[in-house]
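These notes are about the structure you will find just below.
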Amino acid sequence: MLKILIPTLFLLPTTWLTSSKWLWPTALTQSMLIALGSITWLNNTTDTGWTALNSYIGTDPLSTPLLVLSCWLLPLMLLASQNHLSSEPMNRQRMYITLLATLQLFLILAFGATEMIMFYVMFEATLIPTLLVITRWGNQTERLNAGTYFLFYTLAGSLPLLVALLMLQNNTGTLSLLIIPYAKPLLLMPFGSKIWWAACMIAFLVKMPLYGMHLWLPKAHVEAPVAGSMVLAAVLLKLGGYGMMRLMIVLDPLSKEMVYPFIVLALWGVIMTGSICLRQTDLKSLIAYSSVSHMGLVAGGILIQTPWGFTGALILMIAHGLASSALFCLANTNYERTHSRTMLLARGLQIALPLMTTWWFIASLANLALPPLPNLMGELMILTSLFNWSAWTLILTGIGTLITAAYSLYMFLMSQRGPLPQHMLALPPSYTREHLLMALHLIPLLLIILKPALLWGWFAC
Amino acid sequence: MADYREAPLATRPKTLDPNEYFNLSPDYRRAEAERAALRAGLKRQYQLQLNNPHRKELIEDPALNRWVYARANPYNHFKATKKTSLLGALFGVAPLFILYYVFKTDRVCYGGR
């Protein structure tokens, strides 16, 4: 673990001490080496499952895929940001890279934490660099509103979590993730238990986000610069899912009654946000609502607490992380050329930028869960476990899958086919950097097809 | 450079239609001429921007900006009328209760089948 943490920590002096000519190549190389080093975590050697274990941090088959995803994303974020930051003063560029690196550090500590309070502190700590990136480097005036929504929704959700965790610590004596699965469940008065359950889950449900509490997400994703959108969509949403999966084991007998409203919200949210996607005019807003839709399925899969549900949720989280981040990068390539997120303005790009169309096509297919991509595998596992839970969910998830296919195709056809606007003159051809960025997103997604067992979590059998 | 064509879907103004021209009053013809002058001014602005060799950015269309803003900010102008309340209850509130009831009965009575 220290092999990855120390280089990530020392990315901070690197950004401030390298000369301006070598800043970006150095930062990229260092973060890429960290990412390649993090892939070694996927090798799960111990019988108990917990590898790289010490008193504070450890990795297990649940956290390893998410850790590798966060480490993999940092070089991609730096690649994506290089163009729009090149015109800014050096100190601001260094500050940006510092914020991304500290976010990375907090994310690694959050996913690797074995103690729930450490996870909680890191969970909160990730909000700060993200807030700074959204409010300081966003492009429209709405970014302040977006930052406020983002910060306060998540904070308001997580304060009850702190109280709940402290109550658990008081009761059980420990909050170590290795021990609390075996501890006695918390037995308060009946109503108190329900409030305690809700307090544990609300923070993560707001983060995921669940349909009723999702208002922060379109704002934050749209107003953030490309690296902010990438990390939000790919990793920060998954912090919510990861926290839910960890705490579900502790909350067990209470969950049978309490999950119904949230599963209902999650599944109805899949359909509603999918329908909203079909009416969007703003490309980034469409991708943001599609994130809510996919995460609704993930929330449904986690809340039913079955092995297949958890496995499907984990696979879908990783696959969605890569695909959604790829789509945000593609949206950014459009934005850098036209300085507008309106889909109507950037139509017919297949004629102008044919090579980018390949990446648009693969990313859209990934979003609509085409087999044999892991997006479909995750969705299918969640669908079948939900069907086992109650047969009526199939109607909702079926319509949800249909609407997902509809809006993904709509996004692809709107941006690639159709007439090219006649007044667009200066469309620089796709840079090699952009092609590399898209390749680094989509090639891991395609490689996961060959060995999905890496992502199955605890129930790989 | 884009070629200029007449808008094929726009209706031909009455003043340009020889069958109607002599039925119209001089005031109406004057008003039509003024409106045509305004339209020609707008088209001239667009053509100047379109054929400007030093232009690097997109031509800004204020109508498109207004439309995008309207689509992106519905809540600022939301009013709770009978129709909107009905839609909200039908799609936002009732399904939650109906689905809760459906799932609960299915799992409790039939064991999820």
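Treat the numbers as computed from the prediction; the structure is a model and nothing was measured. Residue numbering restarts at 1 for every chain, and letters A, B, ... go by the order of the sequence lines.
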Top contributor to chain A contacts, counting heavy-atom pairs under 4.5 Å, from Tyr46(B), Phe97(B), Phe103(B): Phe103(B)

Can you list the residues of residues 268-286 of chain A that sit under 4.5 Å from chain B, counting heavy atoms only? Trp268(A), Met272(A), Arg279(A), Thr281(A)

Validation row: Leu99(B), Leu396(A) side chains within 4.5 angstrom (heavy atoms): yes

CD1/Ile351(A): more than 12 non-hydrogen atoms of other groups inside 6.0 Å: no

For the OH atom on Tyr75(B), are there more than 12 heavy atoms of other groups (residues, nucleotides or ligands in this structure) within a distance under 6.0 Å? no

Cationic N near anionic O, under 4.0 Å, Glu257(A) to Lys104(B): yes

Rounded to the nearest 0.5 Å, how far does CZ of Arg337(A) lie from CG of Leu58(B)? 12.5 Å

What's the spacing between Ser340(A) OG and Asp61(B) CG if we round to 0.5 Å? 11.0 Å

Which pair of non-hydrogen atoms, one from Asp106(B) and one from Ser390(A), has the smallest distance, and what is that distance? OD2-OG, 2.7 Å

Sort Thr342(A) into side chain, backbone, both or neither according to what part of it lies under 4.5 angstrom from a heavy atom of chain B. side chain

Using only non-hydrogen atoms and a strict under-4.5 angstrom cutoff, which residues of residues 297-308 of chain A touch chain B? none

Closer than 3.5 angstrom, by distance alone: can the side chain of Arg107(B) be matched with the main-chain N or O of Trp389(A) as a donor-acceptor pair? yes

